[in-house]
Amino acid sequence: MQGILVIVVLLLVIAGGVYFYSSNRPGTTSTTSQAPTTLVVEEESQPDSMDPAVSYATSGWEVVEQVYQGLLAPNGQSYTSYVGVLAHDWSASSDGMTYTFTLRPGVTFSNGDPFNAFVMWFSIYRTLVMNQGPAWILGQNLGASNGAGFNVTDSMLNSINYTSPSPKDLNYMTYPNQSVQVTGPNQLIIRLGYGYNGQAPYSSFLATLSTPTAYAVDPIVVEANGGVVADQPNNWMETNAVGTSFYKLQSWIQGQSVTLVKNQNYWGANVSTSEGNSAIQPAIIDTVNLYYKPTSTMVADLKSGFAQIIVAPTSQYSVLNQIQGVSVSVLPPVFGSAQGVHFLYMDPYAFQPFQDVRVREAIANAIDYKSIIHTVFNDQATQWIGPVPPGFPDYNESTTGLQPYQFDPAMAANLLAQAGYKATLPDGTKLNAGGKIFPAVNFLYDADSSTEGQTAQIIATELGSIGITVTLTPLTFKQYANVITSTSDPSTTAYPFGISFYSEDYTASIDYVSAITTTGQIGFSAYSNATVAGWTTAAASALDENTVISNLSQITKAMYYDYTDIWLYVPYFMAANKSNVVGMIPNPAGSGAAYFMFYNTVHYSS
Amino acid sequence: MDPSVYVKDFLRLLAKRTIGAIGVSLGTITIIFLISHVLSPNPAHLWAGPRARASTILAVQARYHLTDPLFLQFYYFLRDLITGNFGIDPLSGQPILAEILFYLPNTLELVFVSFAMLVVVGIGLGYLSGMRFSTPVDSVIRTIYLVSWSTPMYLAAILGILVFATYLPIFPSGGMYSLSLTPVRSVTGFYLVDSLIGLNIPAFLSGLQHLILPAVVLAAVNFGLISRAVRSSILNVRWSTYVKTARAKGLNEDEVKRKHILRNALIDATSLSAVLFGWVLTGTVVVEELFAWPGLGQFAFQAIYSNDYPVLIPIVVVFTLGVIVANFVADVLYSILDPRIAMGAQTGAIS
């Protein structure tokens, strides 16, 4: 009897094993990964929110960009040219202060609710009134208040009927002196000058409009689920999504995955070829499953065939390159720049020795940049000259005549000695033996980044060899980010020196330049100069390219010879996918697998 | 034992443990609250976003009372905690209680299955090892549990994924169920139970398939301790006088093993199980992260990483309560296994 039981149990175990094996094997049709109409994408970070007015992480925007749509989107060829999405066409006034948009007719949300100019008015003001993390992107140029008594409030947004507006509703939405004015059911005017940039045009305004902050949300859905509350997120909208786009959010299993399915009611299916473009074409693949896993698991899944696209660091390049049927490519520097440009900051307010430009220049000369790129990044990074990031518009023009900082330890020691400190030449010769000992200084870096950790170690050794002692003070990424973006008094910081970074909000050089030059805190760069801030404003508001280039060049030169920020490196970005997955249109503005915008063009090659 | 005495003991132990739980939870809350504030005194900037405007940061500060004195912040935090909603998660904007209730069943499902595995395998191997003392079987079992016990959780998880998801794709590398299936209607929150309630066999099998690997990893690195304890207890009791007496009285050998050797050996295993339950529970922080298992452990990992202490503190309280409850259950089991031991007394204390 016992023998029979053992045999039955063994048979059950074997049958179970066979079932699991066959149901999980690549090449079978019963798994999600292998169905030709399903795509599995894996990455590390989970979305922060599904609400376009709240989401501010690449992983969040990746989903939002597939479900919601805005007036326009990058055209797929140029980083700074746009095609109409919900807008059919648009024009700008000669002074750059007014944009008139004509909307596409027949657009609906996936639940059938109509889209029109009133909905767009609601959507933009909703972002401004909610005032969440990314609201500043629109808030630079647009405001809920016109500064002269007209204020769009949460109660106003909640009271309006956007399908059949009452005369009172129309009074609000058609009022001329405001940021967004409805001039017809399918036409609206957007006016700059009501944001914190003041009365000035903004050369990258269309780029800001292409971000999720300006995507259309359904006011009927919002009002049915808590409405708009000033300065607060909407709980329902944080985890649910109803948009106009080619995909619908089927599920977000927090901590595990997001599933997107084709929007069967997609309005774009009715658009003629001549009126259409890649940003609005219907999706080819039926289902996109986004999983959130650690790098080791992602690589294993790409290898086993479970995943078709993964987002992995370039350190995995050689590993992935050896997997058969996997295509790995290192993308041009602009994609690395979008992910993050890295530099040293020295805060002269918090650490007195940094007030001497010779000290700052000495530090710039003490670092072996090429060695860092070779040792830490296996040559998968490039040195740069900021603040315009490499590959972005006007980078080459603004850096003309300048060479990236060079490693010259003898020069570094001499400069340090000239500044009054004891210093040591590479051959061990002591300079300025009667000088002061350079006081030890804390050096901040991101403890979660192995590359920053290695870089920090190298820099500490190199500075130590000329006579500068740094105390490495790593913080976890979130803590670190909190410090480098801090608005507190910079003179009180415990971190006057360290590695900083900046990554893209929208594809515009001015996004980086204004953050690095005018934040006026430790804030990213510790750099503060009224003249340079003026040039930044001039570059931001210039409508002709020559003026933009001229101002960016002046900023670049001024910062280059000031040495408050030492431009270190920009790591390259790597795309990794199964070779039979094609159709990705790389664009640095995109968040799909962190390098393309929309999943609608992605498909399997035959 | 007189049932009324038993009930009285039980209630006394329950009262004692409840008071203890409140004290331990308050202590835990205070410590984490203080550590979080030392690490990041004003996380408004962190929560609002890297380039958030001053008005956005002020709104976050006001919402979470971040500019108030520390004792007032602690008061507001405790108030939210006690009134039941645990407040709002500053990063997701969701009520924290709702988030915990979403993740908790997933973790418990993983923990219960894993715990059952480790208890059965741990006791089984410990018993076998003890009864086959100094034989090759004993040596093999001891080697297995020493190796598994000394393997770090993350290494076991990565090896598990590599072997059983990549090279021999029997199990998925992560997630809780296949996304190609129709979602199961939530009744209890436990995926396997809900799929059975709905008679959804494909969903049940998919859930099981996803559950096995992380549960085995959690069990594998923890079962060694219980095996070792059981083996050692078996060695203590198998040559004891009362076992010899039982044999001398002519008792059947199976009965001697079951009633006299195993039962006595289980007393130590029971106390260890309570400790191991805590280990398994806290081990989910690593395992859930590596297996993309949407549970409380992974949620805690994200909260630690994001400095999201309004979320982290309630999670730690839940973990703490889990360990306290496990110890309570162990105390009750003690007295069932050995009626001479008063409920709540230390091992060996005779009532």
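Each chain gets a letter, A, B and so on, in the order the sequences are listed, and its residues count up from 1. Just so you know, these numbers come straight off a predicted model, no measurement behind them.
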Under a plain distance cut-off of 3.5 Å, with no hydrogens placed, do Q140(A) and T208(A) share a side-chain donor-acceptor pair? no
Hey, is R185(B) close enough to D194(B) for a salt bridge, meaning N to O under 4.0 Å? no
What I want to check is whether the side chains of T56(B) and Q132(A) have a donor and an acceptor closer together than 3.5 Å. no
Side chain, backbone, both or neither: which part of D48(A) has an atom under 4.5 Å from a heavy atom of chain B? backbone
Under 4.5 Å to a heavy atom of chain A? For Y154(B) that would be neither
So, the part of A135(A) with a heavy atom under 4.5 Å from chain B: the answer is neither
Do the two ring centres, one from W293(B) and one from Y291(A), sit under 6.0 Å apart? no
Proximity breakdown for Q94(B) and chain A, heavy-atom pairs closer than 4.5 Å: both
Distance only, no hydrogens: is a donor on one side chain within 3.5 Å (strictly under) of an acceptor on the other, for D446(A) and S449(A)? no
With the side chain counted from C-beta on, respond yes when T239(A) and Q254(A) share a heavy-atom pair under 4.5 Å apart, and no when they do not. yes
If you tally heavy-atom pairs under 4.5 Å between each of F299(B), F102(B), F301(B) and chain A, the highest tally belongs to F102(B)
Below 30° counts as parallel, above 60° as perpendicular, anything between as tilted: where do the rings of W136(A) and Y56(A) land? perpendicular
Which region of Q302(B), side chain (C-beta onward) or backbone (N, CA, C, O), has a non-hydrogen atom less than 4.5 Å from a non-hydrogen atom of chain A, or is it both or neither? side chain
Of the backbone (N, CA, C, O) and the side chain (C-beta and beyond), which part of Y103(B) lies under 4.5 Å from a heavy atom of chain A, both, or neither? side chain
Max heavy-atom pairs within cutoff under 4.5 Å with chain B, candidates Y292(A), Y196(A), W236(A), goes to Y196(A)
Top residue by heavy-atom pair count (under 4.5 Å) with chain B, among S251(A), P233(A), A300(A), P47(A)? A300(A)
For the residue pair E43(A) / S59(A), report whether a side-chain donor-acceptor contact shorter than 3.5 Å exists. no
So what's closer than 4.5 Å to chain A heavy atoms on L290(B): side chain, backbone, both or neither? both
Tell me, for F291(B) versus chain A, whether the close heavy atoms (under 4.5 Å) come from the side chain, the backbone, both or neither. neither
Can you tell which of L142(A), V54(A), L128(A), L138(A) makes a side chain to side chain contact (heavy atoms under 4.5 Å, CB included) with T213(A)? L138(A)
The interface call for S49(A) against chain B, heavy-atom contacts under 4.5 Å, is neither
Under 4.5 Å from any heavy atom of chain B, what part of D286(A) do you find: side chain, backbone, both or neither? neither
Under a 4.5 Å heavy-atom cut-off, does chain B meet the side chain of D448(A), its backbone, both or neither? side chain
